[in-house]
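Since we're looking at a predicted model, the values are computed, not measured. The chains referred to below are lettered A, B, ... by the order of the sequence lines, with proteins before strands, and numbering in each begins at 1.
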There are 2 protein chains.
Amino acid sequence: MAAPQARRRERLSPAARKTDIMRCAGALLRASDDRDGIVAAIAQNLGIVEGTVYRYFPTKRDLIIQVAEDWYEGMLADYDRELAGISGTRARLRFMIWRHLTVMHDEPAMCRLVLDELRADAGYRETTIYQLNRLYTQRTLGIVREGIASGELRADVPLTMVRDMIYGGIEHHCWAYLRGEGKFSPEQAADDIVAIVYRGIAAPEESGALARLEDVAKRLERFTQTHTAT
Amino acid sequence: MAAPQARRRERLSPAARKTDIMRCAGALLRASDDRDGIVAAIAQNLGIVEGTVYRYFPTKRDLIIQVAEDWYEGMLADYDRELAGISGTRARLRFMIWRHLTVMHDEPAMCRLVLDELRADAGYRETTIYQLNRLYTQRTLGIVREGIASGELRADVPLTMVRDMIYGGIEHHCWAYLRGEGKFSPEQAADDIVAIVYRGIAAPEESGALARLEDVAKRLERFTQTHTAT
DNA sequence: GAGTATAAATGAGTTTAACTCATTTAGGGG
DNA sequence: CCCCTAAATGAGTTAAACTCATTTATACTC
């Protein structure tokens, strides 16, 4: 039996220790979807004791949420700036959709944590993640509103349902991928979603043209009748 | 202090006891979203001991899953027969969507249990609920396929994405309602979803007409030029 | 109607993981 | 070099899921 390793009691600044714990928690959260005993695992990994973790985070849940929040904040930074460089309702919508799909694709474990665990429980609405997501979907709806204002989209678009179908669709589409089964292409998926949604909400451009052309047809008929009668 | 009630040891047939436990579990699952100590609560409600519950269900999870399965099976019975009485791609799609929305509306607690708890964990795929849902969405895709075959819908419809957007959209739409906040109307929601999706996937009927009319316009121009030149 | 076999039910455990707190001790300031 | 602060400890408590040897209601036999 190996002699029990004498613990070296090392003192870090609170900030450094907290960073260490969060980094370690992030790694473990990505490595496995089993959250049982994760506090013990973190402590063991860092060579500290469980109680020390609780000096920095009141509960396990707080720790996990803060890790997820930090990650998500970094992940969603700057989309606004990127979006500013894209013009056209369709392209802008596609960008928002594609970006969300890309997050799913690049960080399945974290996304699953957010979607399946954090979002399910009571305090989710008090979470930064909820706020960030709200902003993101609000931005998406903003694009739709602009499209309506310009006449490019129908005036009677049910706004929140468009949002629900886009983001609900994304989540459903990635469901299997998030648990390590199957693949998906963010580009392909974004194309497919945008194709359905855009056609679904675009103003019937053709209807005006059709009306004009129907008129043309009638005039032609009269014209030809007049001229052939002569 | 009230004298401790002498427990009356009553023996039921296994079937009867199992039914009792499941019924009680169902009531508690509907009454609260807190699953901690639910086995103890069931035992107390039935005047039995926790260990007795475990004689009928190997784990708490098994009990909950079986309750949810029984409920869902009853809930989704017969949709196939009802669907048979509805004709037209759009109406049939709307029926499937409306029905799913109605389940959400009538049994928010159970739906939340299935969506937020059962679907999140590993064994979900082995669940009857998963199978029933698969059949349901397969049936939906069947309707879309028929629409494509008849030429009513575009040939390039991304089938699974249509499914994901419909059912993901439904879930997103009901999210707040499922946790007791806000309302929604299954009828309105079904209309909105079907409006977006159907327009999104319908074949462009107008395009052929447009092409013909563009041709008419050119002929008219030539005709008028010829005749006014004279 | 008494004796007995069966299995339903018990209740006193164990286990595991989250969380608490009185005590210990590293390490910088005087 | 000592002392003070607060970081870290480790030995708890709590809570809930789950186990199992024992008890006992009930149906069946004779």
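When the nearest nucleotides of DNA chain C are assigned to Thr52(A) and Val39(A) by heavy-atom distance, the more 5′-ward of the two goes with Val39(A).
Ser13(A) comes within 4.0 angstrom of nothing in the nucleic acid, heavy atoms only. Nucleic acid contact for Leu63(A): none, since no nucleic acid atom lies under 4.0 Å from a heavy atom of the residue. Across all strands shown, Arg61(B) has no heavy atoms under 4.0 Å from either base or sugar-phosphate atoms. When heavy atoms are screened at a 4.0 angstrom cut-off, Gly51(A) is found touching base atoms of the nucleic acid.
Rounded to whole Å, the distance from NZ on Lys60(A) to C1' on dT20(C) is 17 Å. For the pair Leu12(A) CG and dG28(C) P, the computed distance is 12 Å after rounding to whole Å. We find that CD1 of Ile21(A) is positioned 11 Å from C1' of dA8(D), with the value rounded to whole Å. Taking atom CD of residue Gln44(B) and atom P of nucleotide dG11(C), one finds them 14 Å apart after rounding to whole Å. Note: CD (Glu50(B)) to C1' (dG13(C)) measures 12 Å, nearest angstrom. Between Lys18(B) atom NZ and dA8(C) atom C1' the separation is 15 Å, expressed in whole Å. Ile38(B) has its CD1 atom 12 Å from the P atom of dC18(D), to the nearest Å. Here the C1' atom of nucleotide dA16(D) and the CZ atom of Phe57(B) are 19 Å apart, to the nearest Å.
Remark: Tyr56(A) is in phosphate contact with dA8(D), judged by side-chain N or O atoms under 4.0 Å from OP1 or OP2. Applying the 4.0 Å criterion to OP1 and OP2 of dA8(C), one finds that Arg17(B) has every side-chain N and O outside that range. An OP1 or OP2 oxygen of dA8(C) is reached within less than 4.0 angstrom by a side-chain nitrogen or oxygen of Arg55(B). Remark: Tyr54(A) is not in phosphate contact with dT20(C), judged by side-chain N or O atoms under 4.0 Å from OP1 or OP2.
Donor-acceptor pairing under 3.5 Å is recorded for the side chains of Asn133(B) and Tyr72(B). Between the side chains of Tyr136(B) and Gln131(B), not a single donor N or O lies within less than 3.5 Å of an accepting N or O. Side chain to side chain, Asp70(A) and Gln66(A) fail the donor-acceptor criterion of an N or O pair below 3.5 Å.
Looking only at distances, no side-chain donor or acceptor of Thr52(B) sits under 3.5 Å from a matching main-chain atom of Ile48(B).
For the pair Arg99(A) and Tyr79(A), the NZ or CZ position fails the cation-pi test of under 6.0 Å to the six-membered ring centre and within 45 degrees of the ring normal.
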